[in-house]
A.B. asks: 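Starting off with a structure, shown below.
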Amino acid sequence: MNLRVDIITPFPPLVEAVVETSILGRAAAKEVVTYHVHNLFEYTDPPHHKIDDEPYGGGVGMIMKPEPVFRAFDTIRETAEEDWTPRVIFPTPDGQPFTQAEAKELATHEHLIFICGHYKGIDQRVRDHLVTDEYSIGDYVVTGGELPALLILDAVVRLQEGVLTTSESAESDSFSAELLDGPHYTRPREYRGMTVPDILLSGHHGEISDWRQERRRDQTRNRRPDLWKKLMKTEQQMLEQKNG
Ligand code: ADE
């Protein structure tokens, strides 16, 4: 399956630089993903080519105008199939939290469209009539929707078949089993007096695997009490089911 991704942004160079680099770029080279970056300014009206305007009802900050976004969307629709059902993603701090579960779900779709917001907000009609999903990347505010959109995109693209090599495999990632990832070491065995845990050099695969699992559990317990609590509950339920 080829994933088509359209990104509507007033800052195409920022987006292009990222999608052309590293694993996102490699996914396009392998034709697993096709990126289309749309410059929002190309859909504005002369002579001022404005993408924003003052808010109705007053208040501080500028609001992104609806027309350029709707026109960019129309252009994408013209090149799509009759029965297309894209997911239209608007990254916003007031969106639903974006997690690995959302990444997995989005990864099953064939067409994703990202609308990158700026300024105080975007005209609500875009959100009501075009957008299907609104996601927040965390409880903080960044200056535009590009970085959040690229984060979401990266999380989705790396899950597509054929993107990661076996050595980069997503299977032991943080969150892949409701646990954070643990520590990793590579050569040299000793560096500036800092050593690698003996167990990793022991060659006992079973013990190494147990040790890694314990480190993942430690990491999760210490850093993410919220995830740990959830895991404890699930494990308790599984135990109760097993014991009838
Ligand atoms: N735009 C600005 N801040 C954001 C956030 N935290 N998540 C998603 N989009 C944003």
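One-based numbering, in listed order, for ligands and for the atoms of each. Because the structure is predicted, anything quoted here is derived from the model rather than measured. Both backbone and side-chain heavy atoms feed into the values below; hydrogens, waters and symmetry mates do not.
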A.B. asks: List in chain and number order the residues that pass side-chain contact (heavy atoms from CB on, under 4.5 Å) with Gln241, two or more places apart in sequence or in another chain; answer none if no residue qualifies.
C.D. replies: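 With neighbours one apart ignored, the set is empty.
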
A.B. asks: Taking Tyr135 as the fixed residue, which of Phe98, Phe114, Phe90 is the one that meets the ring-ring contact (aromatic ring centres under 6.0 Å, His included) rule?
C.D. replies: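 Testing each of Phe98, Phe114, Phe90 against Tyr135, the sole residue satisfying ring-ring contact (aromatic ring centres under 6.0 Å, His included) is Phe98.
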
A.B. asks: Identify, by atom number and element, the atoms of ligand 1 in contact range of Tyr135, meaning under 4.0 Å from any of its heavy atoms.
C.D. replies: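 The atoms of ligand 1 under 4.0 Å from a heavy atom of Tyr135 are 8 (C).
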
A.B. asks: Check this for me, if you would: do Asp218 and Arg215 make a salt bridge, where the nitrogen-to-carboxylate-oxygen distance has to be below 4.0 angstrom?
C.D. replies: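 The answer is yes: the pair qualifies as a salt bridge.
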
A.B. asks: Check each heavy atom of Thr92 against ligand 1 and say whether those closer than 4.0 Å belong to the side chain, the backbone, both or neither.
C.D. replies: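 For Thr92, only backbone atoms sit under 4.0 Å from ligand 1.
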
A.B. asks: Do you know which of Lys65, Glu67, Arg71 makes side chain to side chain contact (heavy atoms under 4.5 Å, CB included) with Tyr43?
C.D. replies: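 Only one of Lys65, Glu67, Arg71 forms a side chain to side chain contact (heavy atoms under 4.5 Å, CB included) with Tyr43, namely Arg71.
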
A.B. asks: With respect to Pro148, determine whether any N or O atom, backbone or side chain, lies less than 3.5 Å from an N or O atom of ligand 1.
C.D. replies: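 Between Pro148 and ligand 1, no N or O pair is found under 3.5 Å apart.
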
A.B. asks: Output yes when Arg127 and Glu134 qualify as a salt bridge under the 4.0 Å nitrogen-oxygen rule, no when they do not.
C.D. replies: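 Salt bridge: yes.
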
A.B. asks: Below 4.0 Å, non-hydrogen atoms only: which portion of Ser136 touches ligand 1? Side chain, backbone, both or neither.
C.D. replies: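 The answer is both.
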
A.B. asks: Is it true that Phe11 and His118 have ring centroids separated by less than 6.0 Å?
C.D. replies: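 Judged by ring-centre distance (under 6.0 Å), Phe11 and His118 do meet the cut-off.
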
A.B. asks: Could you list the atoms of ligand 1 found under 4.0 angstrom from a heavy atom of Pro91?
C.D. replies: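 The atoms of ligand 1 under 4.0 Å from a heavy atom of Pro91 are 8 (C), 9 (N).
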
A.B. asks: Considering only non-hydrogen protein atoms, determine which one is nearest to atom 6 (N) of ligand 1 and report residue, atom name and distance to 0.1 Å.
C.D. replies: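 Residue, atom and distance for the closest contact: Tyr140 O, 2.7 Å.
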
A.B. asks: If you measure every N or O of Val141 against every N or O of ligand 1, does any of those distances drop under 3.5 Å?
C.D. replies: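 So ligand 1 has no N or O lying under 3.5 Å from an N or O of Val141.
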
A.B. asks: Under 3.5 Å, N or O to N or O, is Val142 touching ligand 1 that way?
C.D. replies: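 Such a contact does occur with ligand 1.
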
A.B. asks: Please write down residue, atom name and distance for the protein heavy atom closest to atom 1 (N) of ligand 1.
C.D. replies: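 Atom 1 (N) of ligand 1 sits closest to the protein heavy atom Pro93 CD, 3.6 Å.
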
A.B. asks: What is the nearest protein non-hydrogen atom to atom 7 (N) of ligand 1, stated with its residue, atom name and distance?
C.D. replies: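 Looking only at protein heavy atoms, the one closest to atom 7 (N) of ligand 1 is Ile137 N, 3.0 Å.
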
A.B. asks: Taking NZ, NE, NH1 and NH2 as the nitrogens, is one of them in Arg4 or Asp6 under 4.0 Å from a carboxylate oxygen of the other?
C.D. replies: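 Salt bridge present between Arg4 and Asp6.
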
